[in-house]
There are 2 protein chains.
Amino acid sequence: MSKTQFDRQDVLHKATSLFWRVGYNATSMQALFKVTGLKPGSVYLAFGNKEGLFKESLKFYASASIDKLNKKFKQNQSVEKIICDLLFSFVEEAVQSEYCSCYLVKSQLELDDQPQTKHYIAEYLAAIEKIYVEQLATIYPVEEAQIKAMSIMIHIFGLRVYGYHTQNKQSMLSSLQLGLPWLPWPS
Amino acid sequence: MSKTQFDRQDVLHKATSLFWRVGYNATSMQALFKVTGLKPGSVYLAFGNKEGLFKESLKFYASASIDKLNKKFKQNQSVEKIICDLLFSFVEEAVQSEYCSCYLVKSQLELDDQPQTKHYIAEYLAAIEKIYVEQLATIYPVEEAQIKAMSIMIHIFGLRVYGYHTQNKQSMLSSLQLGLPWLPWPS
DNA sequence: AAACAACTTGAACGCTCATTCAAAACATGA
DNA sequence: TCATGTTTTGAATGAGCGTTCAAGTTGTTT
């Protein structure tokens, strides 16, 4: 080994922000050079090409999301209470003005002509769903846990899209309570 | 008037297919020339530019969707039964191999940096939601109808995303039944 | 049949895109 | 200190992008 490379985590973080906000196709390499501070050669040596950088950025985001979710479930509260908290925070996110959905959801929809990338994203989303299934399986029969987890995922995806054109936090919460009545909503 | 223009509906139909499948940014004008059979000049005279064509294509799709929905509700069945049928057909759609979500949903997520276009799409989606609200308001108090309609929209959006990585029709239906228990699901 | 207006044609334009690569800078081992 | 291998630099490249426009075609009016 000789000279150590640039801070890979930092670069991935910056690239992820841009890809997430602007989308894969609308993000130019020149914009990525600017935001990361890297020159073309460095990026191409380290990641191969635009798609390589994108895939690694997806992985970076997905791993962080999964870690965060796992950590949440390590809290000393009931599984269902934790899920309520999570949904609450998703609603909070969704009404932010610079909200740009979930990076995985957005990319999934944008890149359905690239089967390989699509497949990766689907696996990350499935991994997230699996966490919900496992947690719910501690209090429900497996089959019921699976259906409930899927219902949660559908609601999360729905929020990710609905959040784009609604600022009304209260009615979003009401709809969640209607669609997920088996969760322990406050009051 | 002199020479009549090309068949506008036909061109919009073809352009919509391409934009829908490939996405706005990944669709090139040259590809649009090919698929529509038009030459650059014709397109630019009729639609102004790429964005103009795109906006008109969104309108074309939205109007067709809204008409279709209104027609559905003219059927001689209960509102809730009709909604069940619709959700059923959305699940059917979602498991098709060439499924590419809803054009409006997809575009909404891809183009959040273009506030004007985003606003248009949000209005179309709001118009669709309004139809559900009005129909549900014939059997529920207005406020309840609004929450229920929003819950339906969240489920539809959720399906539109979830459908990308699941082929399992039965579990999707089970999740819908769990999330929308107030609908008259068959047996 | 001539003049006019509306539409179509398609080559051409400037620009930005993703990508390349030879040269320079740098860290390490001998 | 020098040789070696790795990383960075940044100008350059060709391909493809969205768009333009002068010339050609076609239908209508007189």
Side-chain angles (χ1 to χ4, degrees), chain A residues 1-60 107 110-111 113-118 120, chain B residues 1-60 107 110-111 113-118 120:
Chain A
M1 245 243 289
S2 64
K3 193 176 168 185
T4 54
Q5 250 186 346
F6 55 84
D7 183 344
R8 211 176 172 91
Q9 299 293 303
D10 179 57
V11 163
L12 281 172
H13 177 75
K14 285 167 174 164
T16 299
S17 291
L18 194 61
F19 273 134
W20 186 359
R21 185 157 36 85
V22 181
Y24 175 76
N25 285 297
T27 299
S28 71
M29 288 305 281
Q30 353 278 342
L32 285 163
F33 302 146
K34 208 171 188 178
V35 77
T36 59
L38 296 181
K39 307 293 172 194
S42 299
V43 173
Y44 278 84
L45 181 75
F47 300 101
N49 54 21
K50 187 183 177 183
E51 202 187 329
L53 172 56
F54 179 64
K55 276 186 184 164
E56 199 146 326
S57 127
L58 281 172
K59 193 177 187 175
F60 175 79
S107 304
E110 187 182 356
L111 301 168
D113 53 332
Q114 293 190 26
Q116 227 192 350
T117 313
K118 203 179 148 182
Y120 280 11
Chain B
M1 245 242 293
S2 64
K3 192 176 169 186
T4 55
Q5 247 185 347
F6 55 84
D7 182 343
R8 210 175 172 92
Q9 299 293 304
D10 179 57
V11 163
L12 281 173
H13 178 75
K14 286 168 174 163
T16 298
S17 291
L18 194 61
F19 273 136
W20 186 358
R21 186 157 35 84
V22 182
Y24 177 76
N25 284 296
T27 300
S28 71
M29 288 305 280
Q30 355 277 340
L32 286 162
F33 301 147
K34 208 170 188 178
V35 77
T36 59
L38 295 181
K39 306 293 171 194
S42 299
V43 174
Y44 279 83
L45 181 75
F47 301 101
N49 54 22
K50 187 182 178 185
E51 200 187 329
L53 173 55
F54 179 64
K55 276 187 185 164
E56 198 148 336
S57 129
L58 281 172
K59 193 177 187 174
F60 175 78
S107 304
E110 186 181 355
L111 301 169
D113 53 331
Q114 292 192 26
Q116 227 193 348
T117 313
K118 202 178 149 183
Y120 279 12

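Quick caveat: nothing in here was measured; it's all calculated off a predicted structure. Residue numbers begin at 1 in each chain, while the letters A, B, ... track the order of the sequences.
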List in chain and number order the residues that pass ring pair (Phe, Tyr, Trp, His ring centres under 6.0 Å) with B:F54, two or more places apart in sequence or in another chain; answer none if no residue qualifies.
B:F19, B:Y24
Using a cut-off of strictly less than 4.0 Å between a heavy atom of the residue and any atom of DNA chain C, enumerate the qualifying residues of residues 33-44 of chain A by number.
A:F33, A:P40, A:G41, A:Y44
Check the distance between C:dA25's C1' and A:Q5's CD and give it to me in whole angstrom.
15 Å
Integer-rounded Å distance: C:dC17 C1' and A:Y24 OH:
12 Å
Side-chain contact, heavy-atom cut-off 4.5 Å: B:L38 with B:V11?
yes
For B:Q5 versus B:A46, what's the shortest heavy-atom pair and its separation?
NE2-CB, 3.5 Å
Please list, by residue number, the residues of residues 8-17 of chain B whose heavy atoms come closer than 4.0 Å to an atom of DNA chain C; answer none if no residue qualifies.
none
Minimum side-chain heavy-atom gap B:L111-B:N25 below 4.5 Å:
yes
If I take atom NZ from residue B:K14 and atom OG1 from residue B:T16, how far apart are they, to the nearest 0.5 angstrom?
12.0 Å
Can you check the A:L45 CG to D:dG5 P distance for me, whole Å?
16 Å
Which whole-number value in Å describes the distance from A:M29 CE to D:dG10 P?
17 Å
A:N49: side chain to side chain contact (heavy atoms under 4.5 Å, CB included) partners, not counting sequence neighbours
A:Y44, A:E51
With a 4.5 Å cut-off on side-chain heavy atoms, are A:S107 and A:L58 touching?
yes
So does A:F47 have more than 12 non-hydrogen atoms from other groups sitting under 6.0 Å from CZ?
yes
One should read off an interatomic distance between B:L45 CG and B:K39 NZ, to the nearest 0.5 angstrom, of 16.0 Å
Nearest 0.5 Å, please: how far is CD in B:Q30 from OG1 in B:T27?
11.5 Å
Return the value, rounded to whole Å, for the distance between atom CZ of A:F6 and atom P of C:dA25.
20 Å
Heavy-atom distance under 4.5 Å between the side chains of A:F60 and A:Q9, does that happen here?
yes
May I ask you to verify whether the side chain of B:Q30 and the base of D:dG18 hold a donor-acceptor pair under 3.5 Å?
yes
Is any side-chain heavy atom of B:D113 closer than 4.5 Å to a side-chain heavy atom of A:R21?
no
Rounded to the Å, how far apart are A:D7 CG and D:dT7 C1'?
15 Å
Do B:L53 and B:L12 come close enough that some side-chain heavy atom pair is under 4.5 Å?
yes
Please list, by residue number, the residues of residues 46-57 of chain A whose heavy atoms come closer than 4.0 Å to an atom of DNA chain C; answer none if no residue qualifies.
A:N49, A:K50
Could you work out how much the helix from C:dA1-D:dT30 to C:dA30-D:dT1 bends, comparing the axis of its first five pairs with that of its last five, to 10°?
10°
Please tell me which of the listed nucleotides, C:dA18, C:dT8, D:dT7, lies nearest to the side chain of A:S28?
C:dA18
